[in-house]
Colleague: 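Handing you a structure now.
Read the numbers this way: they start at 1 and go in the same order the structure lists the ligands and their atoms.
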Amino acid sequence: MKPDIIAKGASSYVVGKVERFDQKNEMFKRPSWDPSQSDVGKRFYATKDYAELLERNKPGYTFQDIAFTDAAWLLEREFAKGIKGGKQGLFAWETNEFSQDKRPPGVKLAVNDPAKMTRDIKKVATFFGASLVGVCELDRRWLYSHYYDVHDPRNPKHEPLELPEEYKYAIVIASEMDYEASKSSPAHLGAAATGLGYSKMAFTAGLLGQYIRCLGYKALPCGNDTACSVPLAIDAGLGELSRMGFLITPEFGPRVRLSKVLTDLPLVPDKPIEFGVWDFCLKCERCADYCPPRAIMWGEPTEDIPNISNREGLLRWPVNGEKCLKFWATNGTSCSNCIMVCPFNKPPGWLHSAVRWGIKHTRWMDPLFIKFDDLLGYGKQSNGEHFWEQ
Ligand code: SF4
Ligand code: SF4
């Protein structure tokens, strides 16, 4: 059954009972409590052995590549720590002693025209670095049922998440990842694009949240915490769900990181979009072919799930996060192979805009587009030297 995204947004993938997801079951959190994942976690979260990385002695793993990647993560790791659970630093939910808010207590901007406010919010988000921004009404099925906070890894906090109804909207932000750096995935250099993506998430969502608070409204900037970002992004009209489990946007394909700001500011939601991703993924399977640990499935979408890190009740291609994280742990850094090889992942240009138009309007040509993409050599890993030589 093909999802009717235009009419139903992310709800169109729902085919059974969907429970709110407990963040404790998210793949990066499981090593802290699930014995079956503790060895993988120890390896993945251990301080990386610099000598071991350098021993690989090849482009993508040089001293310079590693320094570059570590620097790209700085804002997330030092000033946001969203990966550990959010609500702190740039992702703080309240104005604190470090924030600028000159407004006298209780003063609030009157919003008489929510459509204009929505345009203004998008302008501000773009000014603060968003590559794409959309708005949706907050569908509470996509909120996590519980927080799982590992800021103190020896004492994780697991608490029910209850969000007052006044948080009616989600402003969803896509931050583009660098095309050339991500081409060297799964080498260490490829992780620079991921790290910078995470730093941009914290920067843009954090500043936008503070702007809304300075207007006198409530704002909760979030990275991967609090709610599943992909369904919110679908509802906010930023893209469609793909075989690799990520959002695919018309502009950047899957090469984006998502963040969001939940708010009571009066806004006008965007409408979901559909541009042929479901049909294309049915024929393509390239991400499955190039996933080193075979974490992405081939074939038809299914309701079956590989493990507790996937949610039940949805018809889609569930990705096996256990296999993915195990590969990351062995690899010594993150991987973006699936993003890199996806035919929707292209740098901007008229040719690629024309291909995207073709995918949307001439579905019968999908196999030809896939063949051409192969012939033109897209999706091939670059060796890292390529990045520095441009
Ligand atoms: S990130 Fe790498 S390991 Fe994980 S699903 Fe994508 S290709 Fe596979
Ligand atoms: S690589 Fe192909 S199958 Fe995978 S998400 Fe991209 S278009 Fe879909």
Colleague: Would you mind checking which non-hydrogen protein atom is closest to atom 3 (S) of ligand 2, with the distance to 0.1 Å?
Modeller: Glu285 N, 3.3 Å
Colleague: Under 4.0 Å from a heavy atom of Phe280: which atoms of ligand 2 are those, numbered in the order shown and with their elements?
Modeller: 7 (S)
Colleague: For ligand 1, which atoms, with element, lie under 4.0 Å from some heavy atom of Asn337?
Modeller: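 Going through ligand 1 atom by atom, the ones under 4.0 Å from Asn337 are 7 (S).
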Colleague: Report, in ascending order of atom number, the atoms of ligand 1 lying under 4.0 Å from any heavy atom of Pro293.
Modeller: 3 (S)
Colleague: Any link between Leu90 and Ile121 through a network of hydrophobic side chains (Ile, Leu, Val, Met, Phe, Trp, Tyr) touching at under 4.5 Å?
Modeller: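 Linked within one cluster.
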Colleague: Mind checking the CG-SG spacing from Leu262 to Cys222? Nearest 0.5 Å is all I need.
Modeller: 4.5 Å
Colleague: At a 4.0 Å threshold, what atoms of ligand 2 neighbour a non-hydrogen atom of Met244?
Modeller: 5 (S), 6 (Fe)
Colleague: Going by the angle between their ring planes, with limits at 30° and 60°, are Phe68 and Phe387 parallel, tilted or perpendicular?
Modeller: tilted
Colleague: Specify whether an N/O/S atom of Cys342 falls short of 2.8 Å from atom 6 (Fe) of ligand 2.
Modeller: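 Yes, Cys342 qualifies, because one of its backbone or side-chain N, O or S atoms lies under 2.8 Å.
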Colleague: Which atoms of ligand 2 have any heavy atom of Phe344 under 4.0 Å away?
Modeller: 7 (S)
Colleague: Please confirm whether Lys346 makes a cation-pi placement over Tyr179, using NZ or CZ under 6.0 Å from the six-membered ring centre and within 45° of the ring normal.
Modeller: no
Colleague: Show the atoms of ligand 2 that are less than 4.0 angstrom away from any heavy atom in Arg243.
Modeller: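 Here the atoms of ligand 2 in question are 3 (S), 5 (S).
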Colleague: Identify the protein heavy atom lying closest to atom 1 (S) of ligand 1, giving its residue, its atom name and the separation to 0.1 Å.
Modeller: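 That would be Cys335 O, 3.3 Å.
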Colleague: At what distance is the nearest protein heavy atom to atom 8 (Fe) of ligand 2, and which residue and atom is it?
Modeller: Cys281 SG, 2.3 Å
Colleague: Of all the non-hydrogen atoms in the protein, which one sits nearest to atom 4 (Fe) of ligand 1, and at what distance?
Modeller: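 That would be Cys324 SG, 2.4 Å.
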Colleague: Of the protein's non-hydrogen atoms, which lies at the shortest distance from atom 2 (Fe) of ligand 2, and what is that distance?
Modeller: Cys284 SG, 2.3 Å
Colleague: Short list, please: which atoms of ligand 1 are under 4.0 Å from a heavy atom of Ile296?
Modeller: 5 (S)
Colleague: Any idea which part of Ser242 is under 4.0 Å from ligand 2, heavy-atom wise: side chain, backbone, both or neither?
Modeller: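 For Ser242, only side-chain atoms sit under 4.0 Å from ligand 2.
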Colleague: Considering non-hydrogen atoms of the protein only, which is the closest contact for atom 6 (Fe) of ligand 1, and what is the distance?
Modeller: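 The closest heavy atom on the protein side is Cys338 SG, 2.4 Å.
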Colleague: Check for me, please, whether Val135 and Leu208 land in the same ILVMFWY cluster - side-chain distances under 4.5 Å, paths through other members count.
Modeller: yes
Colleague: Side-chain heavy atoms under 4.5 angstrom apart, residues restricted to Ile, Leu, Val, Met, Phe, Trp, Tyr: same cluster for Phe203 and Ile171?
Modeller: yes
Colleague: Does at least one non-hydrogen atom of Trp328 fall below 4.0 angstrom from an atom of ligand 1?
Modeller: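 Per 4.0 Å heavy-atom rule, Trp328 contacts ligand 1.
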Colleague: Can the positive tip of Lys87 be found less than 6.0 Å from the middle of the six-membered ring of Tyr147, inside 45° of the ring normal?
Modeller: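 Yes, Lys87 lies over the aromatic ring of Tyr147.
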Colleague: At under 4.0 Å between heavy atoms, is it the side chain or the backbone of Phe246 that contacts ligand 2, or both, or neither?
Modeller: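 Answer for Phe246: neither.
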Colleague: Is a side-chain N or O of Arg103 found less than 3.5 angstrom from the main chain of Val107, in a donor-acceptor match?
Modeller: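 Yes, because the side chain of Arg103 sits within donor-acceptor range (under 3.5 Å) of the backbone of Val107.
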Colleague: Please state whether the separation between atom 8 (Fe) of ligand 1 and some N/O/S atom of Cys291 is under 2.8 Å?
Modeller: yes
Colleague: What orientation do Phe280 and Phe344 show, parallel under 30°, tilted 30 to 60°, or perpendicular over 60°?
Modeller: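 Correct class here is perpendicular.
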Colleague: Using 30° and 60° as the class boundaries, would you call the ring planes of His188 and Tyr61 parallel, tilted or perpendicular?
Modeller: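 Judged by the thresholds at 30° and 60°, the geometry between His188 and Tyr61 is tilted.
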Colleague: Quick one: do Trp142 and Val172 end up in the same hydrophobic cluster if we chain Ile, Leu, Val, Met, Phe, Trp and Tyr together by side-chain heavy atoms under 4.5 Å apart?
Modeller: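 Yes: a chain of side-chain contacts under 4.5 Å links Trp142 to Val172.
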